[in-house]
Structure formats: C-alpha cells, structure tokens
Protein chains: 2
Amino acid sequence: MSAAPTVYDVADKAGVSIATVSRVYRSPQSVREPTRDRVLEAARSLGYVPSGNARGLASRTTGVLGLCFPDYADPDVDAEGAGPDGDGDDDGAVVMLYSDQIIRGMERAARRHGYALLIAASLEGGPESLVAQVAGRVDGFAVLSQTVPTSDLEVIAQRLPIVMLAGPREIDHLDHIEVANADGVRELTRHLVEDHGLRRLAFVGGQESSPDARARFRGFQEACRETGLPVPSAPDLRAEPMTQAEGSRAAEALLDREGPAPEAMLFANDQMAVGALHALERRGVRVPEDIAVTGFDGIPLGRVVRPSLTTVRQPMRRLGEEAVELLVRRLGDRTLEPASLMLPVTVVRRGSCGCGPAGA
Amino acid sequence: MSAAPTVYDVADKAGVSIATVSRVYRSPQSVREPTRDRVLEAARSLGYVPSGNARGLASRTTGVLGLCFPDYADPDVDAEGAGPDGDGDDDGAVVMLYSDQIIRGMERAARRHGYALLIAASLEGGPESLVAQVAGRVDGFAVLSQTVPTSDLEVIAQRLPIVMLAGPREIDHLDHIEVANADGVRELTRHLVEDHGLRRLAFVGGQESSPDARARFRGFQEACRETGLPVPSAPDLRAEPMTQAEGSRAAEALLDREGPAPEAMLFANDQMAVGALHALERRGVRVPEDIAVTGFDGIPLGRVVRPSLTTVRQPMRRLGEEAVELLVRRLGDRTLEPASLMLPVTVVRRGSCGCGPAGA
DNA sequence: TTGAAAGCGCTAACAC
DNA sequence: GTGTTAGCGCTTTCAA
C-alpha cells in the first residue's frame, strides 16, 4: 500500500503518454490493441486504480446517484448485537424495510443506467453536513421528505437535480414523487363499509406532523363522507412512534373505551396493526370475526401474521426506481418542467378484514 | 442551474481569499465570525456546494466507504412493478434481506464514523466495471465473497483496504469476516439428537460451489460423528437455487424415498425450510410431531410461519458493522496484521423442532 | 493513433 | 486570522 500509482506511473511503465492511458479506460477501441495491452499490463502490475475523484473533477460527473433518508434508529443502541435471541431485531427489520426497499429500487434502477448509489441517513446540519457528504459527490439525488432542511435543498437544487420522495411537495420547482395515501385509505375504508357492512370504525393515526399519516386520515374522512358515516375531525387515537408496541396499546385503549366496541380498527401503518393483532389475541378478541383490523404499507410481515393483514401496499421499490428515472431524465435535460408523480397504491385484501383464507 | 459556483466565486463575493472559503467549511472555528458569516452568506446566495471530487483529489480521502454485493435478482424482471397482488415480491423481499441487512449495518456503523456508504451490485468485468466505479471513489470497501474476481481484488487491495465478507478467506492478506456456519449446524444437529432424541436425520444442501452451504454440511457431519450417528459423505439432497420451491420439492422427494421417513429434515437455509413446511402441510405430515424441520439464516419469515422455524441466526447486521470497524481500523493504520473474524451464530429453538410454543 | 498542455475545484503548507 | 501558491490525478482539446 505505497503511494498510489497514477496515470503517469502507468504511462511511464508502458512507454506511452498519460493521454493514452486515459483513453484505454475511457474508449478502449480508440487505442490500438498492442498499445492497449501494454497499458493494461502496466496498470495491473502497478496496482493502478483510476481515481474517481480526479476523474470526476476533470469530467464534471461522478456516475453516482444519492439517497438521503431519515435516521430512524439510534445508531448506538444496537451497536454490539442484540440480546440472546435477538428478538429486538425483528422490529428493526420491519421498521427499516421502508427505506430498505427504496434503496433496493434505486440501486437496481441506478445500475441499469450505469450509476452507483451513495446512501446516507441524515446527519445534523452544519456546513459539513450530509449536504457536503452527499451533494458534492453525486450527479443528483433523492431525498425522503423531512430529511433535509428545505433551505439546504433550495441551495443545492441550484446545482444538481433533486427529487423529493414521499410526502407533500415542499419545493414546487423540484421533481417529486408521492404515494396515494389518501386514495388508499379511502378505498380500503369503503371496502370495509360497503363490502363487509361495518359501520363503527376507529382510526389510529400517527404523529400530527407526519404528512403521510395526515393524508391517510384524510382518506378515512373522505370515505366516511362518501359512505354517509359521521365524519370525524381527528383520529380516534394517535400513536407517537408508530410501532407494534404502540399499536398494541392503541388496540387495548380502543377496547377499553366506553360504549360499543368498534367493528373495525384502521391503523396508519402495518406495524401498529400487527401489534394490535397481538393485543387482540391476548384479549381473546377474534379477528376478523369480532373485529376487523387493517394497516398501511404492505410490509412482508403482514402477509405471514395470522390472520394475514389487510392493508394498502405502497410501491416502495417502485418509488426508488422512479426516483432514479426522474434523475436520469433531468440529467439528460435540465430544462424539463418539474415533474410530480403520484404512485398508485393497492388495497390488499387478506384475512384480517374478513376476506381471503381467514385462518391458515 | 448555470455553471457551478466555485470557491473563487464565493471568495470574490465575500471579499476574501479562496483559502478562507475552504477554512470556513473545514474548520469553521479558525475563521473569525464576521468573516465566516460573510462567506456563508455568499455561498448561500450563489448556491455553492463544495465539490466532493475536488476535495477528495486535494485531500486524498473521500469520506466514503463502499460495499459490493452480488446481483441476486434480474434487474429487468420487476422493473415496472409486480402483479396485482404483487405476490412475486415476497420471495424477493426475503432473498435480498441478506444484503439489505448488511447494508443497514454498514450504513449505521459508517455514519458513526462519519462516512457515507456507496453500494453497488456487481456488474460484469471490463476496465470500467464496478471495481472502477466503486474502488476509485471510496477510502475502503467491503466485498461479499464471490462478487468480484479475486484477481481484481488483488490489484485493488494494493491501493486501499478491502474486507471480505461471508465465505472462506480467498485472499489471505486481506481482512476477512465470516460466520460460524459449521458451528451453527453442528450445535443445531446435536440439539436435535441429544435433546429431542432424533436419529434419522436428512440434510438438504445447496450448490456444491457454495462455501457456505458446504460449511453447513460439514457441521452436520461433525455432529453426526460426535453423537455416534453414521457420518454421511454428502447431503441427502442438493437444491440448486435454495428457494422455497426447491425446499418443497426436496421435502417431497425425501418423503418419497424408500425406507423409513426421516425424523428430521435439516435445510441449508431458511427459505428451503419454509418451502418444506408448506409441502409437509399439504401432505398432511405434522411438524414437529411427525418430523422436525430446521433452517439456517434467521430470516424474519421464519419466526412467523407456523410452526415457527427453528434455525441458526446469522448476525448479518453485525457483519456489516464489523466490516466498517475493520475498514476504519485499517484506514487508521495500514500496517496492521490482516484480521480474520469468525462471527458466532445463534441456534434459535422454535416450534418446528419441537421446542417453544409449537402452535400459536 | 498518439502526445502535449491546459485546466477541473479544492486543500495544505507556508508566508504575512 | 488570512492570503499565496502549488499541486492532487484525471479528461480533453488541439496538434502531430
């Protein structure tokens, strides 16, 4: 691991100029074969690896796309492994699936276009923040909403393409992709009311500050209105972190409320719904016979719990893929009008609402 | 999106030198506050974003760590979304969890150390391959075994730290982390024999070329030897892709063999074991009453199938974290002896071997 | 087909 | 505390 060999070293050893070395890597067919072989051989023996930095500097592109996502978990908590059975992992696996899927989608699409992917969970501000870490090293990047301060984005957007993911359009001159949160819940709710004949519905929302959670509740309201049910002005309950534990708690609270128990509980995400399923089982309440339960997201876990979870599937992977498409498109033509995509969601009817094979 | 502003533009506008602009970003406290504010203000108004390339070139570091992993799935298959219910996703979600977990682990650890993470699934060779894409842009990187040709790694390793993940140590002067495949299966097998009194065991392996699958079978052999059972020289069966479908097929083949049915089926991974569970259920064979089934990996799916799957959990996230630690350590001192870690695995006793709450 | 030379935008001594 | 000045390793005209 001595000083890094450069084009000069390779050129010397191969008896050519640095320009030729460069050509061997950038357009091999423009160099005669014997020359090319000599260069490659020299490079190999020297352990030469082209410097991406120098290359990027000279050519003004990086061949890298980026993704900034929120820092869900405390990085220090599970630093050195979980407990004996590591049961703690599970919720983690579920939580992150969200960004994992986006990463996967972006990685694939990026690869198709010849880009690598740089990922970074958001750090705090400061001039040396994620902005510098990521923005300065990529040709363009995607940002999950509420990850990077709008003011930073405004600055960076002057310089390179940014696409905003999931969440409302915070900056209207940027490309933007969101998911049809309200539509999904509306359709799901109508299914509960119209197909299953349920009328006492309870909605468990999330943080008030979450635009996604708000949009989902809005879908619920719309469905109530459309089906002639009383339109609530706020969720029956809000769960602060939208976890399984909070879902359990919420389900029990709903059960313990005065008056007749609800016929259905709609949760703003799958994790809470799964937690609720556990709580209901503990209380001896049968799902879906006594009560229907639904979630939102379409996490893998939802299809294997019993009863399997009726939910609204978000096309996370596709979100990542479309993000890359948008970036690549804009990289090709900076003058394009800002695009705003709304990706459709799918209501997935499974056991927990009374559809599908309820049991096994 | 006009020409990118540079330190010169900012310096001009702020009435300082470029060195001062640089200092504002690299060591803010070494610049007097009024000066700093002027610079920041100028930068902001210009939409200045420091060029990671120029920076890296000048400072000879990137602040980025990399990961190269195999390209499991065909990138074109699910390009434009899956079917209506998208059931195809599921297996994909399960398969990829492997690298997803490593990515997650690396990302977290990298962040703790102030690095971002560059990821790329392997492309085919050629001078402009992934190697160049990644290797030239990071300070060091991790490679999942059998992803990058050994010869390429040899070359790159002369230049920057590489840690090899999962799989045998292909290059002995590189840092390397593997998982205790053999130990895990040996312990699991002994549990079956010693605690459940099972003696007719069948082992379903994977591709012969897979070092992991081979190591797992070796663990099985060791346990047989240690418990006085006949030691098989080869797995009872090999599944070519280690999928649920192949697991089902294998289970049926095992059932249809002549002679007494096995009392336990050990699979080289969880996916096959889950497939087997389905097949056995279809055939009316009860698990664990009639036969025990075990897997390997510890995928989330395993804990929610019924009966829940007894398996050996691999510490994937930790693998990623340790990889970063090794890289960071070596970045700090290139003369360190190459390290070789063997991460312990955990036998997870659940319903499918007769432990734990068999049913619900 | 190959070479010479001028940057790309920044950092890091070293002066002041 | 701030400015000057060399490069960092590559790509890219422009000539030959």
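A note on names: the letters A, B, ... follow the listed sequences, proteins ahead of strands, and every chain is numbered from 1.
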| field | Whether Arg104(B) side chain and Ser99(B) backbone form a donor-acceptor pair below 3.5 Å | value | no
| said: Going by salt bridge (charged side-chain N to carboxylate O under 4.0 Å, His left out), name the residues that satisfy it together with Asp212(B), two or more places apart in sequence or in a different chain. | reply: none
Side-chain heavy atoms of [X] within contact of [Y], under 4.5 Å:
{"X": "Ile171(B)", "Y": "Leu174(B)", "value": "yes"}
{"X": "His113(A)", "Y": "Leu65(A)", "value": "no"}
{"X": "Val143(A)", "Y": "Leu165(A)", "value": "no"}

| task | Check the distance between dT13(D)'s P and Arg26(A)'s CZ and give it to me in whole angstrom. | result | 12 Å
| query | Which two nucleotides bound the region of DNA chain C that has atoms under 4.0 Å from heavy atoms of chain B, read 5' to 3'? | reply | dG9(C) to dA13(C)
| Do Thr335(B) and Asp333(B) have side-chain N/O donor and acceptor atoms under 3.5 Å apart? |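 Per modelled atom types, Thr335(B) and Asp333(B) side chains form a pair under 3.5 Å.
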| task | Classify the side-chain pair His173(A)/Glu337(A) by whether it contains a donor and acceptor separated by less than 3.5 Å. | result | no
| query | Any idea which heavy atoms bring Ile103(B) and Leu117(B) closest together, and the distance? | reply |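 For Ile103(B) and Leu117(B), the tightest heavy-atom pair comes out as O-CD2, 3.8 Å.
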| Results of side chain to side chain donor-acceptor pair (under 3.5 Å) for Ser151(B) - residues two or more places apart only |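 Ser151(B) satisfies side chain to side chain donor-acceptor pair (under 3.5 Å) with no other residue.
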| request: May I ask you to list the residues of residues 56-66 of chain A, by number, that have any heavy atom positioned under 4.0 Å from an atom of DNA chain C? | output: Leu57(A), Ala58(A), Arg60(A)
Pair up each side-chain donor or acceptor in residues 40-48 of chain A with any protein partner under 3.5 Å, not counting sequence neighbours, and list the distances.
{"from": "Ser45(A)", "atom 1": "OG", "to": "Lys13(A)", "atom 2": "NZ", "distance (Å)": "3.4"}
{"from": "Ser45(A)", "atom 1": "OG", "to": "Ala42(A)", "atom 2": "O", "distance (Å)": "3.0"}

Provide a list of protein-nucleic acid N or O atom pairs under 3.5 angstrom, restricted to nucleotides 2-6 of chain D.
{"from": "dT2(D)", "atom 1": "OP1", "to": "Arg32(B)", "atom 2": "NH2", "distance (Å)": "3.4"}
{"from": "dT2(D)", "atom 1": "OP1", "to": "Thr35(B)", "atom 2": "OG1", "distance (Å)": "2.5"}
{"from": "dT2(D)", "atom 1": "OP2", "to": "Arg32(B)", "atom 2": "N", "distance (Å)": "2.9"}
{"from": "dG3(D)", "atom 1": "OP2", "to": "Ser17(B)", "atom 2": "N", "distance (Å)": "2.8"}
{"from": "dG3(D)", "atom 1": "OP2", "to": "Ser17(B)", "atom 2": "OG", "distance (Å)": "3.0"}
{"from": "dG3(D)", "atom 1": "OP2", "to": "Thr20(B)", "atom 2": "OG1", "distance (Å)": "2.6"}
{"from": "dG3(D)", "atom 1": "N7", "to": "Arg23(B)", "atom 2": "NH1", "distance (Å)": "3.4"}
{"from": "dG3(D)", "atom 1": "N7", "to": "Arg23(B)", "atom 2": "NH2", "distance (Å)": "3.4"}
{"from": "dG3(D)", "atom 1": "O6", "to": "Arg23(B)", "atom 2": "NH2", "distance (Å)": "2.3"}

